[in-house]
Asker: 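One structure, pasted below without further comment.
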Amino acid sequence: MSDDSLLIEGNVSKVIVPPSGYRWHGLLALREKQYGIIYLVMTGSVAQWFSPGEHVVVEARGEPRPFDGDSYLLNMWDYRLYRLWRGRERVEVWPPWTRDYRVDTPYYKAVITAREAVSEEDYEEVAGLEQYHYASKEELVAIWRCPRDGTLIEANVKPKCPRCGTYMLLYEIRGSLPSSRFLILENKTRREYEPRVIGYVRVDTPIPLMHRRVPLPDGSFKVERLIRERVFGPDWFHPTFWPIKPGERREILKVYRELAAIYGRRIARAMVGHDIAKVALARAETAAARIARVVVHPDYRGGGLGVLAVRVAIEWVRERRVPEMKKEKHVVETIAAMARYNPFFEKAGFKYMWDTASGRPVLMYPLTEEARRRIESFLEGDEVARRHGGVLYRPRYKPSPPIEGPIELRGVSKGYKSDLDLEDLSPGVADVLKAFGVERRIVERAVLRDVNLIINPGEVVAVVGASGAGKTTLLRLIVGAARSDLLVKPEYRPDSGEVLLPPNTRLEALIPGEVEPGFKGLSLLEEIASITGDVQEALEVLSASGISDAVLYRASIQELSTGQRERARLAALLAAKPNVVVIDEFTAHLDSVTAAWVAGRMSKLARMHGMTLIVATHRRETLEALKPDKTLIVGYGRVSVVGT
């Protein structure tokens, strides 16, 4: 508390949260001896968790200003608010939690502000990102309300009212609960064309009930009820946010059916949820939180932002006890089928515990020493858990064994000869060329001259040089030595000398317009899985190639952008499990951030598996991210080697 702060204690007399825009509009009316009633302006996502009579402490940055007769007002950035939970624990609940993080990798640098969403614009950004989580052309992720006539419709972006033409206001994000809290990742160093919000995390209370699927020797399974209560005790996960008691369900279902007949099931579900949330919010008080959603913009996936988002959410839960802001939190849980295919929860420190009765994996993160002991005791003592040891994701992708010896070029020369004449040109063009003295020319050029070169197994090699210097020629000769079908083309054969490859070479290449992987018109995931023979391997390959958007998994190659097609072709190369990869014009069609990210991932993958990677590029960010063991500078018939 600073010297100029004003300390105010009092009791909550009223909670004001509107039914529309409740996440970002809220007021607490606080009754205090000196001022009477003080209104605290805040978000509804925080205000809704309070009940009349609760004792709170306010640190005001100055005197409250008069408001509406005998009452006073503190604007949302003019104070700190602490809840005195159970009369003894001081829990900070306002201002919204925020923290800056510096992302500094070889392929991406930024300052990311992680903070709780506070404005309608923040939640509109969340709705836009939600599309990348599960939406398709038929799936609408947000409900919008007309401020003039109350019309409700579903849409993915801010629509105009179909009745009056007024821009509609965000009413609800589908799939979320009234109890949901949203943490956004805001790119503070973004360029003008980059999105402001590049990811978000949704934190909820634990699900009410959880049963465990236990596999049996005959391939069937049994269900073990209330598994969390057995491992952690009865009070960590209860009472959670549970909108209706059994005796109230009949009346609620009646209202729901009436609304569904007017608005449809999805909108009716959101409306009923708002009506019954008040009692459930007041009742909820758990020692656990649940990460219900982690979404990172597809253009920024793979640079560690998913792991960062999870770690930030853990800090938020630990410090602010979200979502309820009441009891100290012992554990964070998540139920995520995608954790089988992407390990970012485990990279953030989560442990795999079990599968739910419906077969979805459950992972948990201990916030306290007691939680850590209970998790370790379960993983060591439970017969099923001992077999997996708390590890869910086990990578499957493994290329062929490294080449058994070096790739060698011995005295290799390659030249080109062109015979230029005017026979096939129009008279006008021919006359112009004659005026310049060009009637017939025989152009001969030595592209490579007596090149001797060794590329060792597992090296990452960059080939650089001016346009037309011979980069593609060098790559062609290496590819031709591995592909007998290409040797019928003179450009894949040296004029003299020899290119020697180890006997166990398994080479895949991408030379645009010449050597490219074929696609069958299937969805991208099916295409890659048809090569790997395994869907999880296909997902790993796509991720390594810079494609982590589930919507793109469903697209065919024809439906992808130019940059996405380049990444899809890289995935097809990796799917064939080569030990030598040769790529011309590497990352040529990718933006600078994605180019660096793909180059960094390819380099890391190559070194991890002993794969020999040879790429031609002219991009500085690609070279920096590759960190090549050797750089080959091609020009004027020579190849100079920089590096080991």
Side-chain angles (χ1 to χ4, degrees), residues 131-139 213 215 219-221 293-296 298 301-302 306-307 334-347 350 352-363 387-401 506 508 510 516-560 564-579 581 597-598 601-602 604-606 608-609 611:
Q131 299 177 73
Y132 298 116
H133 187 79
Y134 64 84
S136 67
K137 292 179 181 178
E138 293 75 33
E139 193 72 57
R213 174 181 287 191
S220 62
F221 64 88
R293 197 77 104 219
V294 179
V295 180
V296 175
R301 292 177 184 171
V307 178
T334 191
I335 307 165
M338 67 176 296
R340 298 190 190 279
Y341 310 107
N342 192 317
F344 67 87
F345 275 106
E346 290 180 85
K347 287 182 178 179
F350 277 71
Y352 170 51
M353 300 293 287
W354 52 71
D355 284 357
T356 64
S358 61
R360 300 174 67 198
V362 176
L363 298 93
R387 293 200 290 268
H388 60 69
V391 178
L392 175 64
Y393 176 83
R394 299 181 186 275
R396 298 188 187 181
Y397 177 74
K398 188 176 182 181
S400 300
R506 186 181 176 95
E508 292 293 328
L510 174 58
E516 297 184 353
F519 289 87
K520 308 168 188 175
L522 305 173
S523 71
L524 187 54
L525 183 56
E526 289 174 312
E527 295 273 14
I528 303 305
S530 71
I531 304 172
T532 63
D534 181 273
V535 173
Q536 181 170 324
E537 276 190 292
L539 288 169
E540 292 175 20
V541 165
L542 286 165
S543 177
S545 306
I547 297 178
S548 302
D549 185 358
V551 174
L552 295 183
Y553 296 158
R554 298 172 59 180
S556 66
I557 190 74
Q558 293 82 9
E559 295 173 303
L560 303 180
Q564 291 164 350
R565 290 183 186 186
E566 180 172 352
R567 283 174 275 172
R569 292 186 182 102
L570 295 180
L573 298 187
L574 294 176
K577 301 182 180 180
N579 51 21
V581 175
W597 183 86
V598 170
R601 288 295 297 270
M602 289 284 287
K604 182 178 179 180
L605 189 70
M608 183 186 302
H609 296 291
M611 185 189 305

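Here the structure is a predicted model, which means the values were calculated and not measured.
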Asker: Can we say Arg396 and Asp534 salt-bridge, meaning some charged N sits less than 4.0 Å from an Asp/Glu carboxylate O?
Answerer: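 A salt bridge links Arg396 with Asp534.
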Asker: Okay, side chain of Arg213, backbone of Asp355: is any donor-acceptor separation there less than 3.5 Å?
Answerer: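 Such a contact is absent between Arg213 side chain and Asp355 backbone.
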Asker: Can you measure from CD (Glu526) to OG (Ser556) and round to the nearest 0.5 angstrom?
Answerer: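 Rounded to the nearest 0.5 Å, the CD-OG separation comes to 10.5 Å.
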Asker: Looking at every heavy atom in both Glu516 and Arg569, which two are closest together, and how far apart are they?
Answerer: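 Answer, listing the atom of Glu516 first, then Arg569: OE1-NE, 3.6 Å.
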Asker: Are Phe350 and Thr334 close enough that some pair of their side-chain heavy atoms sits under 4.5 Å apart?
Answerer: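 Yes; the side chains approach each other to less than 4.5 Å.
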Asker: Hey, could you give me the OH/CD1 distance between Tyr553 and Ile528, rounded to the nearest 0.5 Å?
Answerer: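 So the OH of Tyr553 and the CD1 of Ile528 are separated by 11.0 Å.
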Asker: Looking at Phe221 and Pro215, what are the two nearest heavy atoms and their distance?
Answerer: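 Nearest pair, atom of Phe221 first, then Pro215: CB-CA, 4.0 Å.
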Asker: OG of Ser400 to CD of Glu508: how many Å apart, nearest 0.5 Å?
Answerer: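 Ser400 atom OG to Glu508 atom CD measures 9.0 Å (nearest 0.5 Å).
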Asker: Once you round to the nearest 0.5 Å, how far does OG1 of Thr532 lie from CD of Glu540?
Answerer: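 The distance works out to 9.5 Å.
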Asker: To the nearest 0.5 Å, tell me how far Ser543 OG sits from Tyr397 OH.
Answerer: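 One finds 12.5 Å between OG of Ser543 and OH of Tyr397.
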Asker: Over all heavy atoms of both residues, which pair between Val294 and Phe345 is shortest? Give the atoms and the distance, please.
Answerer: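 So the minimum-distance heavy-atom pair works out to CG2-CZ, 3.9 Å.
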Asker: Please check: side-chain N/O of His388 versus main-chain N/O of Gly390, any donor-acceptor pairing under 3.5 Å?
Answerer: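 Present.
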Asker: Checking Glu537 side chain against Ala529 main chain: does a donor-acceptor pair fall under 3.5 Å?
Answerer: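 No: the side chain of Glu537 does not pair with the backbone of Ala529.
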Asker: Would you give the length of the straight line joining atom CZ of Arg506 to atom CE of Met611, rounded to the nearest 0.5 angstrom?
Answerer: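 It is 11.0 Å, given to the nearest 0.5 Å.
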Asker: If you compare all heavy atoms of Tyr393 against all heavy atoms of Asn342, which two are closest, and at what distance to 0.1 Å?
Answerer: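 Shortest heavy-atom separation between Tyr393 and Asn342 comes out as CD1-N, 4.0 Å.
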